[in-house]
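First comes the structure, then the notes that go with it.
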Amino acid sequence: MLRLRAFRPTSDKVVKIQLHPTHPWLVTADANDRVAVWNWEHRQVIYELKAGGVDERRLVGVKLDKLAEGETDSKGKPTEAIRGGSVKQVSFYDDDIRFWQHWRNCSAAAEAPTAVNQQSSAFSAPAPSTRGRHFVVICCENKAIFLDLVTMRGRDVPKQELDNKSLLCMEFLSRSSSSDAPLVAFGASDGVIRVLSMITWKLVRRYTGGHKGAISCLMTFMSAAGEVHLVSGGSDGLLVLWSADHIHDSRELVPKISLKAHDGGVVAVELSRVMGSAPQLITIGADKTLAIWDTVTFKEIRRIKPVPKLACHSVASWCHPRAPNLDILTCVKDSHIWAIEHPTYSALTRPLCELSSLVPPQALAQHKKLRVYCMVAHPLQPHLVATGTNIGIILSEFDPRALPAVAPLPAPAESKEHSAVYIVERELKLLNFQLSNTANPSLGGASETGRSRNESMDQLIVKQSKKHISTPAPHDSYSILSASSSGKYVAVVWPDIPSFAVYKASDWSVVDSGTGKLFAWDSCRDRYALVESALAPRMPLIVKGGSSKKAKEAAAAAAQAAAAAASAASAATVQVRILLDDGTAHVLQRSIDGRSEPVVGLHGGALLGVTYRTSRRISPLTATAISTVQSMPLSGFGGSASSFASDDPFSTREGPPQNFQLYSWETYQPVSGLLAQPEWTVWDQTVEYCAFAYQQYIVISSLRPQFRYLGDVSIPFATGAVWHRRQLFVATPTTIECVYVDAGVAPIDIETKKRKEEMKAREAQGRAVAEHGDLALITVEAPQVTASEKISLRPPMLQVVRLASFQHTPSIPPFVVPKQPKLNGDDSVFLKELDDRRYAEVAVAGGGVSVAVTRFPAEQKRPIGPLVLVGVRDGVLWLVDRYMCAHALSLSHPGIRCRCLAAYGDPVSAVKWATRLGREHHDDLAQFMLGMGYATEALHLPGISKRLEFDLAMQSKDLKRALACLLTMSNSRDVGQETTATDVTQILNLAVAKQAKQESLADAVQGIVKFVKEFFDLIDAADATGQAEIAREVLKRLAAAASVKGALHGQTLRGLALRLANHGELTRLSGLVTNLITAGHGREAAFAAAVLGDNALMEKAWQDTGMLAEAVLHAQAHGRPSLRSSVITWNKVLQKELDHTPTVKTDAAAAFLASLEDPKLTSLGETEKKPPIEILPPGMPPLSAAPIVIKKAATAKPGLPNAAIGGPMNQAGGPMNQAGTPMNQGTPMAQGTPMNQGTPMVQGAPVSQGAPVVQGAPIVEGAPVAQGAPTDNGTPAPAQSTDEVKPLEATTAPDNVEATAATSNAEATATPGSTAEATEAPVTDPTSSPDAAAAPAPAPAAGSSGTDAPAVTPGEATKDAPSTEAPETEDKPPSTEASSSPPPPPPYSSV
């Protein structure tokens, strides 16, 4: 309840202090006239200034500004160079302060029964005047300093401009009229009040003739008659009343009333709002007294001496629900904050808190005693009180979660009037409230046509009345009210007593009562749980300065009382009682047997939450705070000993303890494990959702079909909330928030629903069997059509919208304070600028309907202090504040109204209301409705974008609309249509038209690529719903895009191939394969060919894109005839990769000269070369044959040209390599049979060595010469020596089959080094080497052929073979001789 919120140590005593109402700022002045602005939330100093003397930094800043503006030094010294003197007052001034000062005055005046304006919220707000700037105003003796915290520039007004009199105090004057310019009144040492305009910085008014001495304090207030007054207190003890209504009058104003208030001078004056009567003035004086004055008759009501022998220096009006009878706070120079109970009756002064127990111990070590020099209560958050002391600034917080003692009652359906019951001073009262019958602009009545009044920023006009209930309340201490779910009963708990009573709402008779402070209602029935506790004995106060014997007795009594209270608390159990229709209470369950720990909290709802005390370590800071509260008297702030120690989440820094358990109201058994202890819980009336509040966030869960965590929203320090279907309205100390909640659809929900349906069916079956026997199980099954309904899952949605806060609508602050022209008191230019800058909330659309141009409304003004949320009725959110005054927050802005209707379950009305929302916000609203599960209805919003329209159409299964959106987005409406593209007229078209068409086609392809995922989703959705024509339309466009090289990629192309095959689009699929091969997408092409079922096309896809390993495996798996040639080609490529040598760039001339040189012989050291690679698929016989010795030698003719041997047939990369079927080995082609151009080579006819080939002769695909495959197992083929070279002109003997076989075998084992351009290879067939044929044959003794590869004898070949064969033998058959023999030649006759 009581804790230190912030502490800032200072070296000097703090003598002046002021809090900003809406920002976490605090301005102080110390005894050395140093002024500091401190952010107490983030513990940061915003600005520091030495106001008493000359602040050098400001002086330098002014000089730099003048230099930047091009001004030369002025003759006189700048005002910043004037010494300020003693600081008399510090304050903030901006639009927020102006508004809330006006609000406080109006609401206090409206409480009076004779008030002109009974509705406190009906006043019009003052126009913004500071334009987003925040001023710190420092009133010094010699000058006033106006410092802008936004631009960090200041304005100093020396006392010479104010008649050269010392300034002692100040007050800001404002009225509600928009023509008001900001004015500040200064009280001076000569008893005259001078008014300064903050626009012209000139003196505009004087109030004279009231005081004989200096003026010490100033304040404005509004009387019950609606007049604005300025009241001043002086050192002569007089309290003088002036009229502030005529501040623009040019004449000097004289006082209205002057009365003697105090002997020795008035120190301070404060306005007090009194519930149900006119406001009062509180004054404190140097005579140590405090006086209360009536503002109607200006007669003294009461005069007291709060603290004997000490004069008060600060006073504050206070209204906190936790201490309902303490209305005034005051401070003297000691370490307490004093509170005055019932100031107009008993007027007992009690210490509210001992501040020395709150500050860190190390801060007090160097000082003997803490002293308070100034105190101020937060104007909008009464739980915050700031004090300036001799050790620093202390910001104390008093139970921010305490709520007003009010409980809303459910209103009859037809009634426009709503009611709530509340307690004031031992009396139960009824508050009736409703919206006024006059046209409320925010309800849409006036806003149907044109602009609504005041940009729909007006607060709603509330008509309310208060009635007495004859039943008195037994206690006047802090009370908590709650109503049952039906509204027939109201429970009141006084936790400080502790006591409770349950009243029947019809006649306000007591139906149950007892001792206890923990109470919780069931949110479904009129039953409740409570913890009855024995009345703890009252703790005696230990009087300081008494005898030691009395102190010991008191201590013993206190210990005994504490022990008795502890034993009573541990023995207390949770009872459950029910209220029957006759109004009697019956005990349902004596005790809920849960855990052995004592119960310290109950939370009502659809489940009963019980909080247990956990033994946790208490920090010293918390312990001192607890001891302070426990030592207070019973009727004061603290109450009984256990009221603070019960459950206080602020005392633990490491998070809430796990000591909270949920129980069923029906079985009284726990339904959950131990959870983190929430501060409060709130359950939906329909038992669908619940919210658990913690210090920094709120956890929201869904309850049906089972308990499921949805998420948490970051709303810190929430004090209360109320559900309205899927809307959770939350109140915090500074804001009102609305959380829109939807559970979505999760897989576990579907499973649970199915399980529950099965359980219900089993139960029904069991009941039928019990009733009718086994006959009930007889069923006749008809043929059933199982409709597989696909339930689309939806994630949970939480959206937070801020409805109200304290802060003024922010405007853009200027970077430079503009120099105002001299207007001589006329503010018309300033006001014109204001009107120009004011933006319109509402714009008029066609048909005269007003359309909101903002997504959400500007934040409304939150009422001051802690609030009880009543709920949503009549389309507004109702609140009740600490003064038992009802307020209504408008929910009529279309952005809010549409969301509320959708959350309430009426999406059709939400779409109708959306016509009043600017179309640029329709996407946002549609996303919200989609999250709420209303995709179909959201499609009817007129302003949604195509992208969102597609998503919504897909969600709502409107695939035709989804297709139309997708075609529009991708710009592909004309792509893929079957048009006669080869028509003569189109061919003869202008090039411009053709180019334009190509450009549009390129755009369309880019669009299709961009939205390819959406196209696929649409195809799948169409397949799932049997809409084949939509799928085909999409496939046309995807197939067209796939034909463009590089447009689509891997996985996308595969998905497209599958879907084309699925829809029987075989023509498009085969076209897709061809396009993919051309584009080089081998895998995708093969995949598409496999889907098509065409093995030849699949193999072609592998081979043509260079994926030879896959081609080999595919050929082997499917028994393709091209297997051998594929293996040879593949092994060639592998050999190339292995023997890759970097190529040296040479020009054509160098290459020609190099070809004329004799070939260089290699060194003998390079004779040992690596054997060539041969990798085969499993089960395939090796390609290498046994070495065959050629017996018949032939002579080589030197001088053969390179071209004869290096022709296209012999090139490693020639066209013969591209085919798939090998030529049968061993069948020679007779010499002299040339292949004429255009004559295809017959499959199986190998080219003999002597057959010249005509350049460029085409060779049929599928019949290439298998050239260039490396030999098996790395065994090198025996290369013939140069005397065995067979020239091309040599005639081949028909009977020399051995020689021909060897020659063709040598051909078959030729390596990739067989061309002049290829890289070096270990073994090369001399017949295929152009270098060898072109060079003259060297002597046989050289042991080397004319190539770079050394000749290897057959013996060496066999010697090397086993060493490299070993790793490969596992995959190959052991017999290499049999498999390597050439196949028998077909019958062939030589020509």
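In this chain, numbering begins with 1 at the start of the sequence shown.
With no hydrogens or angles considered, a side-chain donor-acceptor pair links Thr735 and Glu737 at under 3.5 Å. A side-chain donor-acceptor contact under 3.5 Å links Trp521 and Ser482.
Every residue meeting the side chain to side chain contact (heavy atoms under 4.5 Å, CB included) condition with Ile1019, not counting sequence neighbours, appears here in chain and number order: Phe1016, Asp1023, Ala1031, Val1034, Leu1035, Leu1038, Arg1059, His1063. Listed by chain and residue number, Arg947 satisfy the salt bridge (Lys or Arg N to Asp or Glu O under 4.0 Å) test with Asp951 (two or more places apart in sequence, or in another chain). Residues meeting the salt bridge (Lys or Arg N to Asp or Glu O under 4.0 Å) test with Arg708, sequence neighbours left out: Asp749. Not counting sequence neighbours, Asp526 has no partner by the salt bridge (Lys or Arg N to Asp or Glu O under 4.0 Å) test. Every residue was checked against the salt bridge (Lys or Arg N to Asp or Glu O under 4.0 Å) condition with Arg873, not counting sequence neighbours, and none meets it. Remark: Phe660 engages His603, Phe692 in a ring pair (Phe, Tyr, Trp, His ring centres under 6.0 Å) (not counting sequence neighbours). Partners of Trp680 under the side chain to side chain donor-acceptor pair (under 3.5 Å) rule, at least two apart in sequence or in another chain, do not exist in this structure. Under the rule for a ring pair (Phe, Tyr, Trp, His ring centres under 6.0 Å), the partners of Trp723 that lie at least two apart in sequence or sit in another chain are Tyr689. Legend: residues meeting side chain to side chain donor-acceptor pair (under 3.5 Å) with Ser714, ordered by chain and number and at least two apart, are absent. With sequence neighbours left out, Arg577 forms a side chain to side chain donor-acceptor pair (under 3.5 Å) with Asp512, Glu532, Gln575. Under the side chain to side chain donor-acceptor pair (under 3.5 Å) criterion, Arg794 pairs with Asp742, sequence neighbours left out.
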Inset, instruction - Please report the C-alpha distance between Tyr904 and His724 in whole Å, then the side-chain angles of each, then the deciding distance to 0.1 Å, and finally whether the ring pair (Phe, Tyr, Trp, His ring centres under 6.0 Å) criterion is met. - result: CA-CA 8 Å; Tyr904 195 75; His724 186 64; 5.1 Å; yes
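Applying the side chain to side chain donor-acceptor pair (under 3.5 Å) definition to pairs two or more places apart or across chains, those involving residues 751-766 are Gln706-Thr752.
Note that CG of Leu948 and CG of Leu925 are 10.0 Å apart. Values are rounded to the nearest 0.5 Å.
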